[in-house]
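First the structure, in the form of structure tokens, and then the observations on it.
Start at 1 with the first residue, then count along the sequence. Side chains included, hydrogens not; waters and symmetry mates left out as well; all remaining heavy atoms used.
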Amino acid sequence: MFNTAVRAVRSVALPPFRSLSTTAARRSGPAPPQLFGPGAPAGAVPTDLEQATGLERFQLLGEVEGYEAFDMAPLDSSRVGTLEDPIKVYSLDTERIVGCTGSPAESHELHWFTLRLHKNRRCPECGSAYTLDYHGPEHHDAHHH
């Protein structure tokens, strides 16, 4: 009797089941760079290239191709940057940490400060001005809340 009552309630209370299927999104153009390594086979120790992800993998793949992914050269220290003509700091992000040793180089202790897009910064020791030379995506803040 209980089973009959449950069957009757189920047929009235539950809507008919509807299947759902999805397909992968198609994109035109080249595939984005693979920033996740394949990992090592089972039982093996992975190499740096196999286990690296993100920016570390980007840097390692650049070295394999024969170019340096990140510019590690020092900034121009032959002059003091002014607000009218600041020293430009290349960046792919909207902010970058900059270290100043003065002009000429090593004329004062190293001072670190954060350089942000649309805001010039001056070194507190020598007064040299820096600006961010942004080369990232055009709509860099589209997903920020």
What distance do Leu115 atom CG and Cys100 atom SG have between them, rounded to the nearest 0.5 Å?
11.5 Å
Sorted by chain and residue number, the side chain to side chain contact (heavy atoms under 4.5 Å, CB included) partners of Leu55 (sequence neighbours excluded) come out as Phe70
Close side-chain approach of Leu49 and Leu61, heavy atoms under 4.5 Å
yes
With ring centroids as reference points, do Tyr130 and Phe113 lie under 6.0 angstrom apart?
yes
Is there a donor-acceptor contact under 3.5 Å linking the side chains of His111 and Glu125?
yes
Rounded to the nearest 0.5 Å, how far does CD of Glu95 lie from NZ of Lys119?
11.5 Å
So Cys126 and Ser103, do their side chains get closer than 4.5 Å, heavy atoms only?
no
Spacing of CD belonging to Gln59 relative to CG belonging to Asp48, to within rounding of 0.5 Å
11.0 Å
Calculate, to the nearest 0.5 Å, the distance between atoms NZ and OG1 belonging to Lys88 and Thr131 respectively.
8.0 Å
Hey, could you give me the NE2/CG distance between His135 and Leu92, rounded to the nearest 0.5 Å?
8.0 Å
Between Arg121 (side chain) and Ala129 (backbone), is there a donor-acceptor pair under 3.5 Å?
no
State, to 0.1 Å, how close Ala40 and Val45 come at their nearest heavy-atom pair, and which atoms those are.
CB-C, 4.1 Å
Flag the pair His108 / Cys123 as yes when at least one side-chain heavy-atom distance between them is below 4.5 Å, and no otherwise.
yes
Is Leu110 atom CG crowded by more than 12 heavy atoms from other residues, nucleotides or ligands, each under 6.0 Å away?
yes
Working to the nearest 0.5 angstrom, can you tell me the gap between Ser128 OG and Leu83 CG?
10.0 Å
Close side-chain approach of Val98 to Trp112, heavy-atom, < 4.5 Å:
no
How far apart are the closest heavy atoms of Arg116 and Leu132, and which atoms are they?
C-CD2, 4.0 Å
